[in-house]
Visitor: 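Once you've had a glance at the structure underneath, I'll fire off some questions.
Each ligand, and each atom within it, is numbered from 1 in the order the structure gives. In this chain, residues are counted from 1 in sequence order.
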Amino acid sequence: MRIALLYPELLGTYGDGGNALVLAERARRRGRRVELVTVTLDERLPGADLYLLGGGEDGPQRLAADLLRRGDLAARVADGARVFAVCAGLQVLGTSFAVEGDDRYDGVGLVAATTVRGERRSVGDLAVRVGGRLLVGFENHGGRTRLDGAVAPLGEVVRGRGSDGRHDGFVTERVVATYAHGPVFALNPWFADQVLGAALGEELEPLATVADRLYAERCARLGP
Ligand code: GLN
């Protein structure tokens with residue numbers, strides 16, 4: 001399986017590149033073969049089973065959107081590839097996003113989602129109920145994302161703001177996205193395995209690590 005971390009020099013402000021390391025390591029510890037490639041902005045978009053996008057500032061985010069449109073990420077996904085995206089990465093996958101000054105930019109158009117500027121920045125802890133479980137992390141963004149009615153959010157916000165104060169992220173057949181930094185796979189091992197298992201096309205056997213205890217402690221601190 002090949003995982004491609006896309007443009008960390010543009011979308012790496014919040015340490016989301018750690019998501020790639022966590023996925024690769026969780027796969028390897030279970031004996032799966034994984035190739036992890038880091039794609040810089042001067043490189044062509046390579047083929048991959050799973051593309052990872054992180055968070056970043058407005059200017060670099062615009063450049064990343066251009067590169068992803070030109071590299072035809074949408075065609076790769078139509079061919080079966082999957083994408084996991086965080087924050088700025090989430091925003092560029094939509095149809096359009098606004099940055100400073102309310103200028104609107106075209107996104108990749110993979111998901112029917114539009115991002116506008118919020119009245120104030122969303123900064124702080126973020127907790128989201130995804131199925132029966134909690135996803136924990138932190139957020140730091142000025143955008144608010146509205147989903148077309150046909151697109152499912154990732155989950156409901158328990159703490160923080162997420163996409164719009166009620167929901168966070170989105171899920172389609174091949175794309176999963178959240179506003180949660182952390183990196184979110186290091187903080188939420190169950191979520192890492194959910195995305196990894198879907199990309200591998202198999203149910204993964206449990207893998208106990210110290211991350212489980214730390215995750216339990218974070219959830220306990222959030223209270224009932
Ligand atoms: N630049 C975007 C915003 O402020 C995304 C920020 C981020 O990725 N944390 O909305």
Visitor: So which heavy atom in the protein is nearest atom 4 (O) of ligand 1, and how far is it from that ligand atom?
Guide: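 Looking at atom 4 (O) of ligand 1, the protein heavy atom closest to it is G142 N, 2.9 Å.
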Visitor: Is there at least one pair of N or O atoms, one from G56 and one from ligand 1, spaced under 3.5 Å apart?
Guide: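 Yes; the residue has a nitrogen or oxygen that sits under 3.5 Å from a nitrogen or oxygen of the ligand.
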Visitor: Can you find an N or O of C87 that's nearer than 3.5 Å to an N or O of ligand 1?
Guide: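 Not met; the criterion fails.
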Visitor: I want to know if ligand 1 touches G55 in the polar sense, i.e. an N/O pair below 3.5 angstrom.
Guide: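 N/O-N/O distance below 3.5 Å does not exist for this pair.
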Visitor: Donor-acceptor check, side chain of D164 to backbone of H167, threshold 3.5 angstrom: yes or no?
Guide: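 Yes; judged by distance alone, with no hydrogens or angles, the pair exists.
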Visitor: Tell me whether H141 has any N or O atom under 3.5 angstrom from an N or O of ligand 1.
Guide: no
Visitor: For E139, is the nearest heavy atom under 4.0 Å from an atom of ligand 1?
Guide: no
Visitor: Quick test of your reading of the model: are D72 and R44 salt-bridged, counting only N-O distances below 4.0 Å?
Guide: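 No salt bridge links D72 with R44.
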Visitor: Can an N or O of Q61 be found at a distance shorter than 3.5 Å from an N or O of ligand 1?
Guide: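 Between Q61 and ligand 1, an N or O pair is found under 3.5 Å apart.
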Visitor: What is the nearest protein non-hydrogen atom to atom 9 (N) of ligand 1, stated with its residue, atom name and distance?
Guide: N140 O, 2.7 Å
Visitor: Do the charged groups of D58 and R117 touch, with an N to O distance under 4.0 Å?
Guide: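 Result for this pair is yes, salt bridge flagged.
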Visitor: Which atoms of ligand 1 have any heavy atom of R121 under 4.0 Å away?
Guide: 4 (O)
Visitor: Determine the interplanar angle of the Y14 and H181 rings, folded into 0 to 90°, and report it as parallel if under 30°, tilted if 30 to 60°, perpendicular if over 60°.
Guide: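 Y14 vs H181 ring planes: parallel.
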Visitor: Looking only at protein heavy atoms, which one is nearest to atom 1 (N) of ligand 1, and how far off is it?
Guide: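 Checking every protein heavy atom, the shortest distance to atom 1 (N) of ligand 1 gives D58 OD1, 2.5 Å.
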Visitor: Looking at side-chain heavy atoms only, is the closest gap between R166 and P153 below 4.5 Å?
Guide: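 Counting from C-beta outward, R166 and P153 never come under 4.5 Å.
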Visitor: For ligand 1, which atoms have a heavy atom of G143 less than 4.0 angstrom away?
Guide: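 Numbered from 1, ligand 1 contributes 3 (C), 10 (O).
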Visitor: Any ion pair linking R82 and E173 (charged N to carboxylate O, less than 4.0 Å)?
Guide: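 No.
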Visitor: Does the pair E119/R161 count as a salt bridge with the N-to-O cut at 4.0 Å?
Guide: no
Visitor: Any non-hydrogen side-chain atom of Y215 less than 4.5 Å from a side-chain atom of N188?
Guide: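 Answer yes - side chains close enough.
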